[in-house]
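First the structure, in the form of structure tokens, and then the observations on it.
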Amino acid sequence: MKVEDRPPTSTLCVHGGDRPDPATGAVEPPLHLASAFAFDDAEQAAGAFRGENEHFIYGRWGNPTVDALEEKLAMLEGSGAPGVAACATASGMAAIAATLLTLCETGDAVVAPRSMYGESARLLRERLPRLGIETTFVDQSDPSSYERAIGPRTKVLYVETPANPMLTITDLAAVVAIARKRGLTVVADNTFATPYCQRPLSHGVDLVVHSMTKAIGGHGDAIGGAVIGDSARIRAIKETAIKTFGGVLAPFNALLISRGVRTFALRARQSCATALALAQALERHPRVRRVFYPGLPSHPGHAVAARQMSSFGALVAFEVESLAVGRAVLEGCRVVTHAVSLGDVRSLVTHPASTTHASMPAEARVAAGIADGLLRVSCGIEETEDVVADVVGALDQATSAPSPREAR
Ligand code: PLP
């Protein structure tokens with residue numbers, strides 16, 4: 001599986017994997033809501049169950065609307081390389097759980113980042129240990145910490161870069177090199193970066209997981225997830241975790257997400273441009289303590305990000321002096337919506353310590369550097385100047401300290 005490192009074009013997003021519906025000629029893939037598919041005769045049914053023909057059998061095992069989306073996703077993450085396949089799932093968490101439960105069994109171990117999406121951390125910290133699968137959490141900005149944490153039963157090196165919520169960067173090629181020496185599998189959550197900004201498979205990562213609820217779907221109207229990698233591994237995940245555990249993507253959500261993918265590159269271009277402008281404006285603001293954006297030279301992971309990312313993403317985190325000021329900024333925004341999630345056409349702002357990362361023990365949160373005054377903005381596709389003026393204006397109001405004019 002040789003994957004090139006190039007961002008998906010709008011042409012690929014619009015046309016990739018599409019073909020007119022053979023039955024009707026419809027140019028948009030139809031929505032197939034059927035839970036079961038009829039057979040022409042007994043031999044066709046028997047052949048389908050033996051895997052000798054492509055006939056659909058049952059909705060949890062495969063659906064044409066979901067298949068069409070999977071084909072598009074494999075092209076986005078795999079730059080159209082042969083041998084790359086995708087498995088769509090009911091949510092991002094279903095994708096992550098399906099992947100880890102396929103790769104690991106009782107007694108196995110995972111090495112994962114200290115700073116990551118809160119629910120993924122909970123899966124690794126609380127749920128998988130009940131099945132005898134333990135995780136060591138490491139400082140993901142230092143690849144050698146992955147190497148030091150590897151034990152005799154380690155199976156998976158898990159990466160999230162940029163990572164929730166402070167956009168910490170992990171050197172993908174360095175982690176892959178460590179994994180190769182020991183025959184381990186590297187799984188990367190590419191939700192924050194999106195395939196527009198980063199193609200982990202091109203850096204040697206084995207499996208990419210996504211919350212398609214975010215920028216891939218992009219409209220905040222459908223929960224979905226995906227795993228992408230070589231077709232043998234994807235087949236194993238489908239067989240083990242999707243068919244049996246049942247975290248299958250609903251066809252209607254597949255249709256909504258497929259429609260979102262058509263504008264994915266256009267949306268990502270606008271969101272990334274706004275995020276860079278916002279990060280620069282916040283960095284100049286006198287009442288902002290720290291700004292986290294991998295595109296800023298001040299970000300500790302900037303050099304690695306510049307090497308492995310083609311754009312720096314739509315998320316910006318920044319720290320103000322206190323919880324109270326942070327809350328006042330949230331409440332002062334008018335264009336940017338105060339809601340969790342990210343990657344939406346709307347810009348969104350959240351307060352990680354009291355929402356997405358509230359389930360993390362306080363000490364783990366402090367160790368991950370998530371301050372009470374930390375806010376995270378996911379830039380949408382509104383006009384750049386409207387988003388920047390809204391956040392900087394709310395900040396001025398919350399701190400009663402107008403920023404210099406040029407800060408806008
Ligand atoms: N991975 C990351 C980085 C996320 O931010 C999220 C959700 O916010 C998930 C995975 C889980 O995705 P879902 O909500 O679709 O299950």
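Counting starts at 1 for both ligands and their atoms, following the listed order. Sequence positions, counted from 1, serve as the residue numbers for this chain.
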Proximity of Val340 to ligand 1 by residue part, where a heavy atom lies under 4.0 Å: neither
Extract all donor-acceptor atom pairs below 3.5 Å that involve side chains of residues 215-233 and protein atoms in other chains or at least two apart in sequence.
| unit_1 | atom_1 | unit_2 | atom_2 | d |
| --- | --- | --- | --- | --- |
| His219 | ND1 | Gly217 | O | 3.0 |
| Asp230 | OD1 | Ala232 | N | 3.2 |
| Asp230 | OD1 | Arg233 | N | 3.2 |
| Asp230 | OD2 | Arg233 | NH1 | 2.8 |

Gap separating the CD atom of Glu54 from the CG atom of Asp67, nearest 0.5 angstrom: 8.5 Å
For atom 16 (O) of ligand 1, closest protein heavy-atom neighbour: Met93 N, 2.9 Å
All pairs passing salt bridge (Lys or Arg N to Asp or Glu O under 4.0 Å) where residues 126-138 contributes a residue, at least two apart: none
Protein residue, atom and distance nearest to atom 4 (C) of ligand 1, heavy-atom basis: Tyr117 CG, 3.5 Å
Close side-chain approach of Leu103 and Leu207, heavy atoms under 4.5 Å: yes
Option whose closest heavy atom lies nearest to atom 15 (O) of ligand 1, chosen from Leu315, Asn164, Thr213, Asn190: Thr213
Stepwise salt bridge (charged side-chain N to carboxylate O under 4.0 Å, His left out) check, Arg334 with Asp390: CA-CA 6 Å; Arg334 294 287 169 265; Asp390 194 45; over 6 Å; no
Min heavy-atom dist Val209 to ligand 1 below 4.0 Å: no
N or O pair under 3.5 Å between Leu342 and ligand 1: no
Phe192 N/O under 3.5 Å from ligand 1 N/O: no
Polar side chain donor-acceptor pair, Glu160 to Ser120, under 3.5 angstrom: no
Protein heavy-atom partner closest to atom 8 (O) of ligand 1 - residue, atom, separation in Å: Lys214 NZ, 2.7 Å
Test item: side-chain donor near acceptor, Thr24 and Asp21, under 3.5 Å: yes
Any N/O pair Asp189/ligand 1 closer than 3.5 Å: yes
Heavy atom of Ala95, distance to ligand 1 below 4.0 Å: no
His210 heavy atom under 4.0 Å from ligand 1: no
